[in-house]
Number of protein chains: 2
Amino acid sequence: MAKSARMIDVAKLAGVSIMTVSRVLNGSANVTDGLRDKVFAAIEHLSYQRNEVARSLREQRSRQIGILVPYLFDPFFASCAHVISTVARQHAYSVVLSTSNEDPQTEYEEASRMLRRNVEGLIVIPSHPQTGQSPLLADKFKSMPIVALDRPIEGSGFDSLLVENQRGAALGTEHLLSLGHKRIAYIGLSDDLYTMCMRHRGYNLAMEAVGLKPVAAICSSALDDALVKVRELLSSKRKPTALFCANNLTTRHVLHSLQTLGIYPPNGVALVGFDDFETADLLRPGITVVRQPSELLGRTAADVLFKRLGDSRKTKTGKSTVLPVELIVRGSCGARIRHK
Amino acid sequence: MAKSARMIDVAKLAGVSIMTVSRVLNGSANVTDGLRDKVFAAIEHLSYQRNEVARSLREQRSRQIGILVPYLFDPFFASCAHVISTVARQHAYSVVLSTSNEDPQTEYEEASRMLRRNVEGLIVIPSHPQTGQSPLLADKFKSMPIVALDRPIEGSGFDSLLVENQRGAALGTEHLLSLGHKRIAYIGLSDDLYTMCMRHRGYNLAMEAVGLKPVAAICSSALDDALVKVRELLSSKRKPTALFCANNLTTRHVLHSLQTLGIYPPNGVALVGFDDFETADLLRPGITVVRQPSELLGRTAADVLFKRLGDSRKTKTGKSTVLPVELIVRGSCGARIRHK
DNA sequence: CTGTTAGCGCCTTCAG
DNA sequence: CTGAAGGCGCTAACAG
């Protein structure tokens, strides 16, 4: 590895002191035009690149933020990460990315690694179950601004960005109710996950509000499990006429299961899902969903973090922002819609 | 921001010298059990975290790699990035991620930023058109191992990981031919993109091999444009009976366009796409695709990079690895298949 | 086995 | 407007 030029090499070539080079680069003080030109020429000649590691150490400021998500192959998370990366670039910051695989231990280790790297702040989609304590509550993270995305960190005082989980689920359920359904089943992943818990609650409340009895099937993230649960539901005595799927994965698994059983919503059973996806309107009929604004969520999280980095005074009280969701009616719910 | 403990604070508390602390942390030399215990106790007490920035500067080694992709919301790229992040974690490396939005200028700037941060290597999905020079050929990148993913960097001597683009396209085309189609049209994005160019060539060769005339529609990445092109194709005198879509985006846009026109493959027109996607088998019928092994691609890229980082001797000659693709027959091509 | 010295590349501070 | 000295936190090299 060819040793790259240092500031002192530039200084020597330009016949100035190292400080003049530093000042030219940072614009931190006025430098005579003649000297500045010489410095630029030397920089050009040597292909000089400032060493950001040394700068970070000296300035006690890394110009890096961290992003920590469970997976990247979930389009919702990927979309968030993408826009955060874009915002960071606009601020001339680098992004350190890591994945926790929904494992709190990994989340802790990766957040610690980022802390050791002196990232100035962290945007995280927390992985710990609702029932447990977040590993990010550890003392050592006190010094770093953290923004929780999609799921809050209870008792942390961190900023958080959420969507209307409960209202969204109610919206979807009420839509099915308005179409005349009375036996609507909820299908989701473990209620340990914040989003699942809230959506489940939204469904329950909507059902109870009209005096109906909620029915739930909680699946693992495996496709097989969904098939079993769906089969059970649809062969029960009081077989549901509509299904509410609590997230993207569930919706997909349920659709697969229904396909296996030869059932195509809304024939046989109506269906509404939480979280939109690329091909939702390519399916026949299109899938009616509650859409969450993933890009806006990511962008806002980044904005909140950078605003906090800009504020030297550290307001301790984390602000929780909740973004609205939207019902997109396609065909799977059984509503008559005019195709464009 | 509370100033965090330094190594010297630990040393003082433990009543040893700073070097002893360093040695305990690195296991770089034997330390008496008694002292080591004291050091650990002090570390625990102070919640000491080693400063990786200082370490990077001193060791001239950052333990970071960079990933530079066009977008993260393309599931193929996201999948690559995810597994690279996983491999990096296993090596105890951090990942600096950035997105180029398919813009060579942005790619250059972000790669430069990573270089300034002393990332030890870079995995990149290059954004420059086939016709142009890669910005990564600049001298300053000579000192950094680069692995090109999905698309090569001509004349670079970098390692590259590709899939069988040409053969995959031929495979898809031949499948349609074997089903009796003679008028098969190719639909893709600009041939300036390496993958598009190769797939287009594969299609052309397959057609010409049986004496048929290739027909191509090159679309922009906008949905509207696809609709126009598809409409043109299907209203032409010698209207194609089958379509070969060269990537994920094209497939989706063509399906949307066909839906708008009230055509549902394989009725009216057969369809095969390059690159599999999550819901390809949920559509009715399922979409026949050429699948590329995105996870394997990402993992292999990471392995290649880390192997190169491990090798102190720098073999200059970059090796090009080509991974196989696979035809997944579903229903959209019109082949009779048994549904599971 | 443990400690001291020096310096990675840069920027803040203080002189000139 | 420019330069010289010092140190950010850590580890390699050399003493003892």
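Every chain is numbered from 1, with letters handed out A, B, ... down the list of sequences. Values below: every heavy atom of this structure, side chains too, minus hydrogens, waters and symmetry copies. Just so it is clear, the model here is predicted, and its values are computed rather than measured.
Proximity of B/Gln60 to the phosphate of C/dG9: a side-chain N or O atom is located under 4.0 Å from OP1 or OP2. Contact check, A/Thr32 against D/dT2: a side-chain N or O comes under 4.0 Å of OP1 or OP2. Residue B/Ser22 has a polar side-chain atom (N or O) positioned under 4.0 Å from OP1 or OP2 of D/dT11. A close approach under 4.0 Å does not occur between any side-chain nitrogen or oxygen of A/Ser17 and OP1 or OP2 of D/dA4.
Atom CZ of B/Arg116 is separated from atom P of C/dC11 by 12 Å (rounded to the nearest Å). Atom CG in A/Leu25 sits about 15 Å away from atom P in D/dT2, given to the nearest Å. A straight line from CD1 of B/Ile8 to C1' of C/dT5 spans 13 Å, rounded to a whole angstrom. Nucleotide C/dC10 holds its C1' atom 12 Å from the CG atom of B/Asn118, rounded to whole Å. Here the P atom of nucleotide C/dT2 and the CG atom of B/Asp37 are 12 Å apart, to the nearest Å. Distance A/Arg117 CZ to D/dC10 P: 14 Å, rounded to the nearest Å. Rounded to whole Å, atom P of D/dG9 lies 17 Å from atom CE of B/Met19. Rounded to a whole Å, the CD atom of A/Glu59 is 12 Å from the C1' atom of C/dG9.
Comparing B/Ile18 and A/Arg23 against DNA chain C, the residue whose closest nucleotide sits nearer the 5' end is B/Ile18.
Proximity of residues 40-58 of chain B to DNA chain D (heavy atom under 4.0 angstrom from any strand atom) is restricted to B/Tyr48, B/Arg50, B/Asn51, B/Ala54, B/Arg55, B/Arg58.
Scanning for side chain to side chain donor-acceptor pair (under 3.5 Å) contacts around B/Asn118 gives an empty result, with sequence neighbours left out. Residues satisfying the side chain to side chain donor-acceptor pair (under 3.5 Å) criterion with B/Thr195, sequence neighbours excluded, are absent altogether. Not a single side chain to side chain donor-acceptor pair (under 3.5 Å) links B/Asn51 to another residue, sequence neighbours left out.
Applying the ring pair (Phe, Tyr, Trp, His ring centres under 6.0 Å) rule to pairs touching residues 59-79 of chain A yields A/Tyr71-A/Phe73, A/Phe73-B/His82, sequence neighbours excluded.
Among the nucleotides C/dG3, C/dT2, C/dT13, the one closest to the side chain of B/Leu35 is C/dT2. Closest to the side chain of A/Arg6, out of C/dC10, D/dA12, C/dT2, is C/dC10.
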What pairs of donor and acceptor atoms, side-chain ones from residues 31-38 of chain A against any protein atom, are under 3.5 angstrom apart with sequence neighbours left out?
| from | atom 1 | to | atom 2 | distance (Å) |
| --- | --- | --- | --- | --- |
| A/Asp33 | OD1 | A/Arg36 | NH2 | 2.7 |

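Under a cut-off of 6.0 angstrom, the local environment of CD in A/Gln133 is sparse, with at most 12 non-hydrogen atoms contributed by other residues, nucleotides or ligands. More than 12 heavy atoms of other shown residues, nucleotides or ligands fall within 6.0 angstrom of atom NE2 in B/His91.
Residue-level contact check: A/Met7 touches the backbone only, with heavy atoms under 4.0 Å from sugar-phosphate atoms and none from bases.
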